[in-house]
Chemist: 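I have a structure I would like to understand better, so I am pasting it below and will then ask my questions one at a time.
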Amino acid sequence: MNLSQSEVETYLEQIKDAVSQNRYSLSLNPNRSDNRRLFAHYLIKESDVPGIIMSLTYQDFSEAVPNEHPQFRANPENRVKSPPHCTAVV
């Protein structure tokens, strides 16, 4: 999925807004082994996440991938409108 710089910046604004209003969740369950490895490798604490997210810029963006989780698709009120899901390199 190719996104323009403007689309990425808009998405980051939406994500930062959600974080500032405490409307986000962080999955560290066994199904999220990539998240768990990231936390372990970089010694990230859950309490560090809001600050990290708030500091992200377009230059940190890596790729956008569709979120195919049924719960995500079923509850549009709990997600940003577009793009579907972004992964950023911090």
Side-chain angles (χ1 to χ4, degrees):
M1 180 183 307
N2 293 325
L3 300 174
S4 70
Q5 181 172 346
S6 176
E7 289 171 315
V8 171
E9 289 171 345
T10 298
Y11 180 73
L12 286 173
E13 287 174 21
Q14 293 172 339
I15 295 299
K16 289 176 182 183
D17 183 53
V19 169
S20 70
Q21 295 179 36
N22 202 30
R23 292 186 300 115
Y24 74 99
S25 63
L26 176 65
S27 297
L28 295 173
N29 61 53
N31 295 329
R32 299 291 188 215
S33 59
D34 287 347
N35 291 358
R36 294 164 59 109
R37 278 194 298 275
L38 178 79
F39 272 60
H41 182 78
Y42 291 102
L43 303 175
I44 298 171
K45 297 179 290 199
E46 196 168 339
S47 61
D48 296 333
V49 172
I52 291 170
I53 292 172
M54 297 304 280
S55 72
L56 292 175
T57 67
Y58 170 76
Q59 288 78 22
D60 299 310
F61 181 78
S62 174
E63 66 180 322
V65 295
N67 187 334
E68 300 299 335
H69 192 278
Q71 202 170 2
F72 177 86
R73 296 280 180 219
N75 193 353
E77 292 179 8
N78 291 335
R79 61 184 168 98
V80 293
K81 303 297 183 249
S82 127
H85 175 264
C86 287
T87 301
V89 177
V90 181

Chemist: Honestly curious: do Leu26 and Tyr42 fall in one hydrophobic cluster under the side-chain, below-4.5 Å linking rule?
Modeler: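 Hydrophobic grouping puts Leu26 with Tyr42.
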
Chemist: Kindly compute the distance separating CD1 (Ile52) from NZ (Lys45), expressed to the nearest 0.5 Å.
Modeler: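 These two atoms lie 10.0 Å from each other.
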
Chemist: Is it true that atom CD of Glu46 has more than 12 heavy atoms of other residues, nucleotides or ligands lying nearer than 6.0 Å?
Modeler: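 No, CD of Glu46 has 12 or fewer neighbouring heavy atoms, counting only those of other groups under 6.0 Å.
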
Chemist: Please name the pair of heavy atoms, one in Lys16 and one in Ile53, separated by the smallest distance, quoted to 0.1 Å.
Modeler: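 In this case the closest contact between Lys16 and Ile53 is CE-O, 3.5 Å.
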
Chemist: Closest heavy-atom contact between Leu12 and Tyr58?
Modeler: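 Closest approach of Leu12 to Tyr58, heavy atoms only: CD1-N, 3.8 Å.
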
Chemist: Identify the two heavy atoms, one from Arg36 and one from Pro30, that lie closest to each other, and give their separation to 0.1 Å.
Modeler: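 Taking Arg36 first and Pro30 second, the nearest heavy atoms are NH1-N, 4.1 Å.
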
Chemist: Closest approach of Asp60 and Leu56, non-hydrogen atoms and distance?
Modeler: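 That closest heavy-atom pairing would be OD2-CA, 3.3 Å.
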
Chemist: State, with a plain yes or no, whether a side-chain heavy atom of Phe39 is found less than 4.5 Å away from one of Val49.
Modeler: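 Phe39 reaches Val49 side chain to side chain.
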
Chemist: Out of curiosity, Arg37 CZ to Leu28 CG, how far, rounded to the nearest 0.5 Å?
Modeler: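 Between atom CZ of Arg37 and atom CG of Leu28 there are 12.5 Å.
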
Chemist: From Gln14 CD over to Asp17 CG, what is the distance, rounded to the nearest 0.5 angstrom?
Modeler: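 CG of Asp17 is found 8.5 Å from CD of Gln14.
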
Chemist: Holding to side-chain hydrogen bond (donor to acceptor under 3.5 Å, both in side chains), I want the full list of residues that pass it with Ser47, two or more places apart in sequence or in another chain.
Modeler: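 side-chain hydrogen bond (donor to acceptor under 3.5 Å, both in side chains) list for Ser47, sorted by chain: empty.
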
Chemist: Report the distance from atom CG of Leu3 to atom CZ of Phe61, rounding to the nearest 0.5 Å.
Modeler: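 Here the interatomic distance stands at 5.0 Å.
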
